[in-house]
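Note on naming: letters A, B, ... go to the chains in the order of the sequence lines (proteins, then strands), and numbering restarts at 1 for each one.
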Number of protein chains: 2
Amino acid sequence: MARTVKGPDARRERWKGHREQRRAEFVEATIAAVAKKGPDVGMEDVAAEAGVSKPVLYRHFTDKSDLYLAVGQRATELLMERMSPALATDGPIKDRIRRIVDAYLSVVEDNPNLYRFVVKGSFVDRPVEKDVVQEDKNLIANTLARILGDYLRAFDMDSGGAEPWAHALVGMVQNAGDWWLDRQTMSRENLSDYLATIIWHAIDGLLRSAGVQADPAKPLTPLRLVD
Amino acid sequence: MARTVKGPDARRERWKGHREQRRAEFVEATIAAVAKKGPDVGMEDVAAEAGVSKPVLYRHFTDKSDLYLAVGQRATELLMERMSPALATDGPIKDRIRRIVDAYLSVVEDNPNLYRFVVKGSFVDRPVEKDVVQEDKNLIANTLARILGDYLRAFDMDSGGAEPWAHALVGMVQNAGDWWLDRQTMSRENLSDYLATIIWHAIDGLLRSAGVQADPAKPLTPLRLVD
DNA sequence: AAGTAACCGTTACCTCAAGTAACACTTACC
DNA sequence: GGTAAGTGTTACTTGAGGTAACGGTTACTT
């Protein structure tokens, strides 16, 4: 009796890492399939791309939306990887905004099909409950909200707007990105500039209204954006 | 010869108006069904709500997405009905922005299921080609772009940013609205204020950078927004 | 060494909603 | 009376998501 009571049977633990690796493998396969066959791939296609048949997929993902959620999270990782250097770099504030926006747009530009797949081709089943995109947008927006809130508080301003503003900024960049992706009527650089300009003006306006004079060419002082 | 040569058989014309009326009727039925059964209704549900069986629906709409598109357009009409008074009112510029934003949010607030249905539950089939939401957002954004462009040109500024800025603004308000709809953690009035503030600051900043001093309490002079 | 708990994988099926076929009746123009 | 539009029905096909049932492999447990 001694061991059986407590010992959770090593056979269960043995695969822990492996399962995650497998999931990741299927997520990659999905991304590859999307890149090949466009954003409307089905489970069959994904399975084929992974060199496997459907039921195998369903051993690792409960659902289509479960898989899509995982893909969305992976995409968020890719996005963050590309954006975090831009977030971490100190420098002139406006330039920094431009770089962050541009990092986002560069990801969109490099993975148009994946982008469309994640942003548009999801939540087919679960209508409200588990929304892949909203999840990830919230993640980004919450990060932004924290940063904004800290800034506002540091300047002794009302920080109640931080959250809506964060979501507003996210939506703004995303929607402009969507538009740009569909009909690429201007260079990425130009779009980044325009968006950075409008964001900068919004921030500058907020600071002005609190009597703070900010120089677009200098870093904002009271906090560092990423620590 | 007068009639027979050209006359395209009055039987074809007889129904022109009727067909449109019927389409509208089904669109209303869809909206009612959505209000009752949530945003994930199927064609069967819609047909039932209209007191009809599926094939009838398919005589008037080629497709599910065709129906959804029509619903989206109807929703846009409802939205515009509510927004246009706010757009047409002259008055202090910042206040006006607030009213426009608030009008949008009020529609979202009053028809949450319809809103979710239109914004989220679409484009299930046609992946890229006929995107209902994008269509309607573009309509709004283009209107905005025209207005912005006119303003910018009136102030002798670079109007190249008008289009991206318009899409940015639309996305901003929409995303903030989505967030608010999901977890209503602040009053509509507060959200409208916060959004109007950020938009005002962005516009004000643009004008300042061109050397124009605008007073948030006064109407912008060179053009009227709606004519 | 035998048992078994976890994985590997397959083919063949079920289910459900979108969309279609085929058929019958009504109205009013020609 | 013929016919081109519409009204409507029930019963089917199709396709994609998801499942059942089966068999093989590995390596921990007893």
Side-chain angles (χ1 to χ4, degrees), chain A residues 1-26 29-30 33 37-69 121-127 130, chain B residues 1-26 29-30 33 37-69 121-127 130:
Chain A
M1 284 279 135
R3 207 188 344 69
T4 43
V5 172
K6 183 65 196 353
D9 194 340
R11 274 172 294 189
R12 205 177 317 156
E13 299 303 310
R14 186 166 53 123
W15 300 97
K16 276 287 158 63
H18 186 244
R19 281 190 62 84
E20 292 194 8
Q21 194 183 344
R22 210 78 215 288
R23 267 179 77 101
E25 186 186 324
F26 288 129
T30 307
K37 314 191 63 174
D40 54 347
V41 287
M43 295 302 265
E44 196 90 48
D45 303 285
V46 172
E49 176 68 34
V52 151
S53 63
K54 265 195 299 175
V56 177
L57 226 49
Y58 282 97
R59 292 234 184 77
H60 295 272
F61 301 91
T62 68
D63 230 54
K64 191 167 128 155
S65 62
D66 187 25
L67 172 60
Y68 286 8
L69 179 67
S122 332
F123 42 70
V124 177
D125 314 293
R126 321 277 167 195
K130 281 232 157 185
Chain B
M1 43 126 111
R3 210 199 328 86
T4 43
V5 174
K6 184 67 203 340
D9 193 341
R11 274 173 295 189
R12 206 177 316 155
E13 300 302 310
R14 187 167 52 124
W15 300 97
K16 276 286 158 63
H18 185 244
R19 282 189 61 85
E20 293 195 6
Q21 195 183 346
R22 210 78 216 289
R23 267 180 75 101
E25 186 186 323
F26 288 130
T30 308
K37 313 192 63 175
D40 54 347
V41 288
M43 296 302 263
E44 194 89 47
D45 302 286
V46 173
E49 176 68 34
V52 151
S53 63
K54 264 195 299 174
V56 178
L57 227 49
Y58 283 98
R59 290 234 184 75
H60 295 272
F61 301 91
T62 68
D63 230 58
K64 192 167 127 155
S65 63
D66 188 25
L67 172 60
Y68 286 8
L69 178 67
S122 331
F123 42 70
V124 178
D125 315 293
R126 322 277 169 197
K130 280 232 158 187

Checklist entry - Any idea which heavy atoms bring B:Val46 and B:Ala29 closest together, and the distance? => result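 Heavy atoms only, the tightest pair is O-CB, 4.4 Å.
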Checklist entry - Considering the options A:Lys37, A:Lys64, A:Lys54, which one meets the salt bridge (Lys or Arg N to Asp or Glu O under 4.0 Å) requirement together with A:Asp45? => result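 Filter result, single survivor: A:Lys37.
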Atom [atom1] of [X] to atom [atom2] of [N]: distance rounded to whole Å?
{"X": "B:Phe26", "N": "D:dG8", "atom1": "CZ", "atom2": "P", "answer": "6 Å"}
{"X": "B:Leu57", "N": "D:dG8", "atom1": "CG", "atom2": "C1'", "answer": "13 Å"}
{"X": "B:Lys64", "N": "D:dG15", "atom1": "NZ", "atom2": "P", "answer": "17 Å"}
{"X": "A:Leu67", "N": "D:dG18", "atom1": "CG", "atom2": "C1'", "answer": "13 Å"}
{"X": "B:Arg22", "N": "D:dA5", "atom1": "CZ", "atom2": "C1'", "answer": "14 Å"}
{"X": "B:Arg19", "N": "D:dA5", "atom1": "CZ", "atom2": "C1'", "answer": "10 Å"}
{"X": "A:Phe61", "N": "D:dG18", "atom1": "CZ", "atom2": "P", "answer": "13 Å"}
{"X": "B:Glu44", "N": "C:dT15", "atom1": "CD", "atom2": "C1'", "answer": "15 Å"}

Item to check | Pair A:Glu20-A:Arg23, salt bridge (charged side-chain N to carboxylate O under 4.0 Å, His left out): steps then yes or no | outcome: CA-CA 5 Å; A:Glu20 292 194 8; A:Arg23 267 179 77 101; over 6 Å; no
Distance (rounded to the nearest 0.5 Å) between [X] [atom1] and [Y] [atom2]:
{"X": "B:Tyr68", "Y": "B:Thr30", "atom1": "OH", "atom2": "OG1", "answer": "8.0 Å"}
{"X": "A:Leu57", "Y": "A:Asp63", "atom1": "CG", "atom2": "CG", "answer": "11.0 Å"}
{"X": "B:Phe26", "Y": "B:Leu67", "atom1": "CZ", "atom2": "CG", "answer": "9.5 Å"}

Next on the checklist: Within the structure provided, determine whether B:Arg22 and B:Val52 are in side-chain contact (heavy-atom separation under 4.5 Å).
Outcome noted: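 SC-SC contact between B:Arg22 and B:Val52 confirmed.
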Item to check | D:dA4 - base-pair partner by Watson-Crick or wobble geometry, distances under 3.5 Å | outcome: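 Per the H-bond distance test, C:dT27.
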Next on the checklist: Between B:Ser53 and D:dG8, is there a contact of a side-chain N or O with OP1 or OP2 at under 4.0 Å?
Outcome noted: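 Looking at the OP1 and OP2 atoms of D:dG8, neither is under 4.0 Å from any side-chain N or O of B:Ser53.
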Checklist entry - Within the structure, does a side-chain N or O atom of B:His60 lie under 4.0 Å from either OP1 or OP2 of D:dT7? => result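 So the side chain of B:His60 is within the cut-off, an N or O lying under 4.0 Å from OP1 or OP2 of D:dT7.
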Checklist entry - What string of B, S and - do you get for nucleotides 20-25 of chain C, 5' to 3', if B is base contact, S is sugar-phosphate-only contact and - is no contact with any protein heavy atom under 4.0 Å? => result BB----
Checklist entry - Which of the following nucleotides, D:dT10, D:dG17, C:dT11, is nearest to the side chain of A:Met43? => result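 Comparing D:dT10, D:dG17, C:dT11 against the side chain of A:Met43, the answer is D:dG17.
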